[in-house]
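In what follows, chains carry the letters A, B, and so on, assigned in the order in which the sequence lines appear, proteins first and then strands, with residues in each chain numbered from 1. Bear in mind that the values here come from a model prediction, so they are computed numbers and not experimental data.
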Amino acid sequence: MDSPGAGLYNCAARAPQPGAHPDPTMLASKAHIVTYRDDPADAEVVSHRLMARAGLIHKTGSGVYVYGPLLWRVLRKVQAIVSEELSRIGALEIQMPILQERRLWEESGRWARYVDSRTLFVTEDRKGTTYGLAPTAEEVVCDYARTSARSYRQLPLCLFQQNTKFRDEIRPRFGLLRVKEFVMKDAYSFDVDEAGLDVSYRQMRDAYFRIFRRLGLDAFAVDADPGDIGGSGSQEFMVAASAGEDAILVDPSGLYAANVEKATSRFAAPEGRDEAPRPLRVEDTPGVRTCAELHRFFPGVPPHRMVKTLIYVARHPDREDLWAVLIRGDQEVNEVKLAGHTGALSVRLATDEEVRAATGAETGFAGPIGLPPGVRVVADVTVEGMRNVLCGVNATDRHALDANPGRDFPEPFFADLRTAREGELSPVSEHRLQLRRGIEVGHIFKLGTRYSAPMNAVFVDAEGQERPFVMGCYGIGISRVAAAAVEQNHDGDGIVWPLPIAPFEVLVTAMNPTNEAQASGARRVYEALQARGVDVMYDDRDLKPGVKLKDADLIGFPYKVIVGRNFEQTGKVELKSRRTGEVELHDLDTAAGSIAARVAAERRGLPSS
RNA sequence: CGGGGCGUAGCGCAGCCUGGUAGCGCACCUGCUUCGGGAGCAGGGAGCCGGAGGUUCAAAUCCUCUCGCCCCGACCA
């Protein structure tokens with residue numbers, strides 16, 4: 001600074017100049033609009049490509065992005081809609097810390113799980129206190145609720161925040177769809193009992209449908225696995241998109257949809273369930289390991305008459321357990337379901353050495369017969385009722401034929417452990433399941449007392465007794481929503497923002513800004529729109545018409561008002577829809593009124609109300 | 001973490017095999033012309049060629065190590 005009066009401290013210098021526009025950020029020349037003609041080299045999916053080309057995002061590291069001014073407007077609009085709809089159901093917006101002490105996470109027992117899965121960013125302060133960087137906020141919100149909500153009279157309570165979250169993703173990719181740092185809305189409900197939770201959960205679910213409809217997203221709910229969050233039930237909200245990383249099985253009747261991690265289907269009753277048991281035979285099967293090889297070796301025995309035995313290692317914080325998983329030969333184990341059944345942090349197939357140590361046989365010959373006692377056994381439901389099966393006997397190069405549970409090996413415990421597949425029968429109708437891909441934009445969980453009980457987050461009920469809160473938690477990926485919106489709303493020219501979340505609703509531009517008539521006409525429309533409350537940007541840049549139009553389409557303004565040749569010749573300005581390409585002519589003086597009315601009609605993002 | 005690839009100007013890339021002191025397109029700056037779908041001409045600025053070490057008279061180029069990024073897989077609210 002060359003004088004004390006200059007720069008930052010000189011308020012007079014920052015006051016608006018006489019005649020200057022009241023909000024210069026609405027002028028394209030001042031809005032830091034930077035677009036690129038080339039796709040970034042690392043962009044795989046549409047939303048990443050277009051958001052980078054439109055200058056909405058800038059990557060500073062793997063999975064870490066700057067949100068540019070235009071994208072920030074989008075995110076704030078998404079947040080505003082979320083806030084509004086959550087307020088409608090009585091939820092209260094708060095802000096919670098990102099730094100979360102390890103001590104709290106040890107109360108809930110989640111520290112070990114998250115550190116084990118390496119999802120949590122961990123840091124410490126100068127004194128050596130260890131913190132996790134918020135991936136969600138169950139512990140913090142429980143800590144708040146247990147000290148501030150002491151009585152049932154204060155319930156139900158629902159708190160939410162919209163804040164940056166951190167997850168050390170194994171492989172960030174796809175632009176904003178999978179990142180290490182992102183904006184998420186997380187809400188937490190506190191009820192006196194399960195019935196109250198059911199009400200809160202249903203209200204939130206309904207709010208989510210409204211939110212996604214208002215955002216202009218085609219989203220649907222599917223049954224999901226609660227994963228590391230825990231709890232008794234959960235549903236994910238999915239946006240159908242080819243870039244989606246989640247596979248979903250849907251019943252075309254609309255009665256059932258579930259993430260493949262969770263999905264079930266009906267399967268045919270086991271063939272031969274009424275057969276009389278035949279005597280057990282054990283045959284030499286040199287080098288025959290897989291079901292397909294066994295079918296070749298014993299052509300009369302199809303895979304669905306075999307019981308396949310897989311040796312899994314179930315990882316717990318303090319130990320590893322060995323499991324033998326029995327499943328029909330033509331089915332596949334769903335490891336998410338298996339992890340859920342075993343209560344493990346995760347499961348993995350045992351290595352060849354581990355299989356040898358556990359069964360005494362090479363990989364490929366494990367079976368329910370002759371398993372050592374240290375190995376736990378569970379069978380998939382497809383095995384129930386099978387008779388006269390082919391299976392392993394834990395002896396290398398040997399297999400059993402006509403084995404029968406209860407006679408040749410103990411009747412196992414049955415659980416749903418199989419992976420449901422496309423084309424199988426829906427569990428609730430006669431339709432066949434179809435496979436879809438989706439982007440998870442929201443997830444709602446019934447937590448119950450999963451966190452409140454261990455953390456002693458209790459209230460005093462009407463009888464004067466202390467009871468743990470019955471909780472739910474509910475997330476929406478705000479920045480992921482923006483990317484999902486682009487996946488669902490784009491064309492060959494760029495983004496086609498749904499109007500409720502577009503960075504601006506309307507762009508006004510003069511084709512030849514050096515032409516005085518065009519420039520002043522454009523400015524008049526712009527100011528009139530602004531006066532009517534339309535979120536409008538004026539492209540005042542002295543650039544070729546083609547450049548400005550390409551930029552406008554790339555960035556995705558829902559409407560363009562074009563002032564050009566037509567205006568000079570007939571006095572009419574053009575209103576062009578980004579989505580349909582339709583053009584309407586309007587007189588300069590009446591243009592703003594009708595455009596404002598049309599924009600206002602679309603702004604709510606709902607057909608009615 | 002395993003396999004593969006890439007780091008050269010803000011972005012997209014060539015040059016590397018065969019060593020000789022850095023180039024193209026876009027973007028940016030200046031001037032003139034142009035103005036309804038990424039204009040033309042002229043001029044200009046910008047790169048310790050990811051980093052460290054080595055080989056050599058000489059390294060973007062060859063060798064070693066290292067850091068980062070991307071893709072496939074495993075994994076994950």
Side-chain angles (χ1 to χ4, degrees), chain A residues 33-45 48-49 52-55 58-64 110 113-114 116-120 134-138 165-175 177-180 182 184-186 224-231 234-238 245-246 259 261-262 315 335-336 339 345-349 439-445 447 473-477 480 492-494 509-515 518-519 541-555 560 562-569 573-574 576 581 583:
Chain A
I33 290 174
V34 182
T35 59
Y36 301 89
R37 202 177 293 214
D38 297 317
D39 289 337
D42 57 3
E44 296 270 305
V45 298
H48 186 194
R49 233 185 63 224
R53 276 193 57 206
H58 167 77
K59 186 170 71 180
T60 63
S62 179
V64 183
R110 206 158 59 133
R113 187 176 265 279
Y114 265 64
D116 177 84
S117 69
R118 311 229 310 182
T119 306
L120 192 65
T136 56
E138 282 78 1
K165 299 293 185 303
F166 296 85
R167 285 188 198 167
D168 189 359
E169 290 289 343
I170 293 173
R171 185 140 85 87
R173 57 185 137 176
F174 303 148
L177 286 175
R178 182 155 296 267
V179 289
K180 289 180 176 160
F182 54 99
M184 181 173 124
K185 184 284 299 181
D186 47 325
D225 181 82
D228 277 354
I229 295 277
S234 80
Q235 287 179 304
E236 292 167 328
F237 282 78
M238 292 286 179
E245 294 184 85
D246 286 285
N259 196 305
E261 292 179 347
K262 173 83 176 181
R315 305 182 48 256
E335 295 187 355
V336 175
L345 297 172
S346 65
V347 297
R348 62 171 171 83
L349 272 173
I439 299 166
E440 179 190 351
V441 288
H443 202 156
I444 58 178
F445 303 78
L447 294 176
C473 80
Y474 317 92
I476 291 179
R480 186 181 273 181
D493 291 317
T509 183
M511 289 296 85
N512 181 357
T514 61
N515 174 301
Q518 287 189 25
R541 299 174 301 170
D542 182 15
L543 293 171
K544 297 276 291 182
V547 177
K548 292 198 285 189
L549 293 169
K550 288 285 186 194
D551 272 0
D553 289 349
L554 178 59
I555 293 166
K560 289 188 289 281
I562 298 169
V563 183
R565 189 190 293 141
N566 218 324
F567 176 66
E568 285 188 67
Q569 290 168 357
V573 301
E574 295 160 44
K576 186 164 186 179
V583 177

K.L.:
As a quick check of understanding, evaluate side-chain contact (heavy atoms from CB on, under 4.5 Å) for A:Glu169 and A:Val179, giving each step before the final call.
P.N.:
CA-CA 7 Å; A:Glu169 290 289 343; A:Val179 289; over 6 Å; no
K.L.:
Could you tell me if A:Thr136 and A:Arg110 have a donor-acceptor pair between their side chains, going purely by distance under 3.5 Å?
P.N.:
yes
K.L.:
Provide the Watson-Crick or G-U wobble partner of B:A52, both distances under 3.5 Å; none if there is no partner.
P.N.:
B:U64
K.L.:
Tell me the interatomic distance from A:Asp38, atom CG, to B:C13, atom P, rounded to whole angstroms.
P.N.:
8 Å
K.L.:
Do the side chain of A:Lys180 and the main chain of A:Arg171 share a donor and acceptor less than 3.5 angstrom apart?
P.N.:
no
K.L.:
To the nearest angstrom, how far is A:Leu543 atom CG from B:C28 atom P?
P.N.:
8 Å
K.L.:
What is the nucleic acid contact for A:Glu236, judged by heavy atoms within less than 4.0 Å: base, sugar-phosphate only, or nothing?
P.N.:
nothing
K.L.:
Could you work out which one of B:C70, B:G36, B:C71 sits closest to the side chain of A:Asp42?
P.N.:
B:C70
K.L.:
Examine B:C70: is either OP1 or OP2 under 4.0 Å from a nitrogen or oxygen in the side chain of A:Lys59? Give yes or no.
P.N.:
yes
K.L.:
Among B:G36, B:C76, B:A39, which nucleotide has an atom closest to any side-chain atom of A:Val547?
P.N.:
B:A39
K.L.:
I want to verify a distance call: between B:C76, B:C70, B:G37, whose nearest atom is closest to the A:Ser62 side chain?
P.N.:
B:C70
K.L.:
Can you list everything that forms a salt bridge (Lys or Arg N to Asp or Glu O under 4.0 Å) with A:Lys165? Sequence neighbours excluded, please.
P.N.:
A:Asp186
K.L.:
Closest to the A:Arg37 side chain: B:G38, B:C70, B:G36?
P.N.:
B:G38
K.L.:
Suppose we define a pair by two distances each less than 3.5 Å, Watson-Crick or G-U wobble; what does B:G19 pair with here?
P.N.:
none
K.L.:
Under 3.5 Å, which donor-acceptor pairs link side chains of residues 33-40 of chain A to any protein atom two or more places apart or in another chain?
P.N.:
unit_1  : atom_1 : unit_2   : atom_2 : d
A:Thr35 : OG1    : A:Asp551 : OD1    : 2.7
A:Asp39 : OD1    : A:Arg49  : NE     : 3.4
A:Asp39 : OD2    : A:Arg49  : NE     : 3.3

K.L.:
B:A22 and B:G4: how far apart are their P atoms, nearest whole angstrom?
P.N.:
35 Å
K.L.:
To the nearest Å, give me how far apart CD (A:Gln518) and P (B:G36) are.
P.N.:
8 Å
K.L.:
Just jot down the salt bridge (Lys or Arg N to Asp or Glu O under 4.0 Å) partners of A:Glu245, sequence neighbours excluded, or say none.
P.N.:
A:Arg173, A:Arg178
K.L.:
Quick one: do A:Ile439 and A:Met238 satisfy side-chain contact (heavy atoms from CB on, under 4.5 Å)? Show the steps, please.
P.N.:
CA-CA 5 Å; A:Ile439 299 166; A:Met238 292 286 179; 5.9 Å; no
K.L.:
On the side chain of A:Asn512, is there an atom forming a donor-acceptor pair with the base of B:G36 - under 3.5 Å, no angle test?
P.N.:
no
K.L.:
Hey, are the side chains of A:His443 and A:Phe445 touching, using non-hydrogen atoms and a 4.5 Å cut-off?
P.N.:
yes
K.L.:
For A:Leu554 and A:Val34, find the nucleotide of RNA chain B closest to each by heavy atoms; which residue's nucleotide sits nearer the 5' end?
P.N.:
A:Val34
K.L.:
Could you pull out the protein-nucleic contacts involving nucleotides 30-34 of chain B (nitrogen or oxygen on both sides, under 3.5 Å)?
P.N.:
none

K.L.:
Looking at B:A46, which nucleotide sits across from it as a Watson-Crick or G-U wobble partner, both distances under 3.5 angstrom, or is there none?
P.N.:
none
K.L.:
Between B:C70 atom P and A:Asp39 atom CG, what is the distance in whole Å?
P.N.:
17 Å
K.L.:
Measuring from atom OG1 of A:Thr119 to atom CG of A:Asp168, what distance do you get when rounded to the nearest 0.5 angstrom?
P.N.:
7.5 Å
K.L.:
Hey, which of these two, A:Lys560 or A:Ala41, hits RNA chain B nearer its 5' end, going by closest nucleotide?
P.N.:
A:Ala41
K.L.:
Could a donor-acceptor pair under 3.5 angstrom be found where the side chain of A:Lys576 meets the base of B:G37?
P.N.:
yes
K.L.:
Name the nucleic acid region contacted by A:Ser234, choosing base, sugar-phosphate or nothing; use a 4.0 angstrom heavy-atom cut-off, strictly under.
P.N.:
nothing
K.L.:
Can you check the A:Gln569 CD to B:G36 P distance for me, whole Å?
P.N.:
11 Å
K.L.:
For every nucleotide of nucleotides 1-10 of chain B, 5' to 3': is a protein heavy atom under 4.0 Å from its base (B), only from its sugar-phosphate (S), or from neither (-)?
P.N.:
----------
K.L.:
Pick the P atom in B:G3 and in B:U8, then give their distance to the nearest Å.
P.N.:
25 Å
K.L.:
Nearest-Å distance, CZ (A:Arg178) to P (B:C75)?
P.N.:
13 Å
K.L.:
Can A:Lys560 and A:Leu549 be said to form a side-chain contact (heavy atoms from CB on, under 4.5 Å), step by step?
P.N.:
CA-CA 9 Å; A:Lys560 289 188 289 281; A:Leu549 293 169; 4.0 Å; yes
K.L.:
What's the gap between B:U30 and B:A46 when it is taken at their C1' atoms, as a whole Å value?
P.N.:
15 Å
K.L.:
Work out which heavy atom in A:Ala510 is nearest to a heavy atom in A:Pro513; give both atom names and the distance.
P.N.:
O-CD, 3.8 Å
K.L.:
Which nucleotide wins on minimum distance to the side chain of A:Pro545, given the candidates B:G38, B:C69, B:G36?
P.N.:
B:G36
K.L.:
How close or far is atom P of B:C76 from atom CZ of A:Arg348, stated in whole angstroms?
P.N.:
13 Å
K.L.:
Indicate, with a heavy-atom threshold strictly under 4.0 Å, whether A:Asp551 touches base, sugar-phosphate, or nothing.
P.N.:
base
K.L.:
According to the Watson-Crick and G-U wobble definitions, with both distances under 3.5 Å, which nucleotide is paired to B:C24?
P.N.:
B:G12
K.L.:
I'd like the C1' distance from B:G37 over to B:C76, given in whole Å.
P.N.:
44 Å
K.L.:
What interatomic distance, in whole Å, is found between C1' of B:C67 and the corresponding atom of B:C29?
P.N.:
35 Å
K.L.:
So, using side-chain contact (heavy atoms from CB on, under 4.5 Å) as the criterion, who are the partners of A:Asn512 when residues are at least two apart?
P.N.:
A:Thr514, A:Asn515, A:Gln518
K.L.:
Considering only B:C76, B:C71, B:G37, which nucleotide approaches the side chain of A:Lys550 most closely?
P.N.:
B:G37
K.L.:
With a 4.0 Å cut-off on heavy atoms, is A:Gly564 in touch with a base, just the backbone sugar-phosphate, or nothing at all?
P.N.:
base
K.L.:
Distance check, C1' atoms only: B:G10 and B:A27, in whole angstrom units.
P.N.:
7 Å
K.L.:
Measure the distance from CD1 on A:Ile33 to C1' on B:G38 and round it to the nearest whole Å.
P.N.:
15 Å
K.L.:
Could you please name the partner base of B:G31, counting Watson-Crick and G-U wobble pairs only when both distances are under 3.5 Å?
P.N.:
B:C41
K.L.:
Checking only heavy atoms, does the side chain of A:Glu568 share a donor-acceptor pair with the base of B:G36 at less than 3.5 Å?
P.N.:
no
K.L.:
Paired with B:C75 by Watson-Crick or G-U wobble geometry, both distances under 3.5 Å: which nucleotide is it?
P.N.:
none
K.L.:
How far, in whole Å, is B:U21 from B:C28 if one measures between their C1' atoms?
P.N.:
27 Å
K.L.:
Considering only heavy atoms and no angle criterion, is a donor-acceptor pair shorter than 3.5 Å present between the side chain of A:Arg53 and the base of B:G38?
P.N.:
yes
K.L.:
Mind checking the C1' distance from B:G25 to B:G15? Whole angstroms is fine.
P.N.:
15 Å
K.L.:
Ignoring hydrogens, what is the shortest heavy-atom contact between A:Lys576 and A:Gly581? Give both atom names and the distance.
P.N.:
CE-O, 3.6 Å
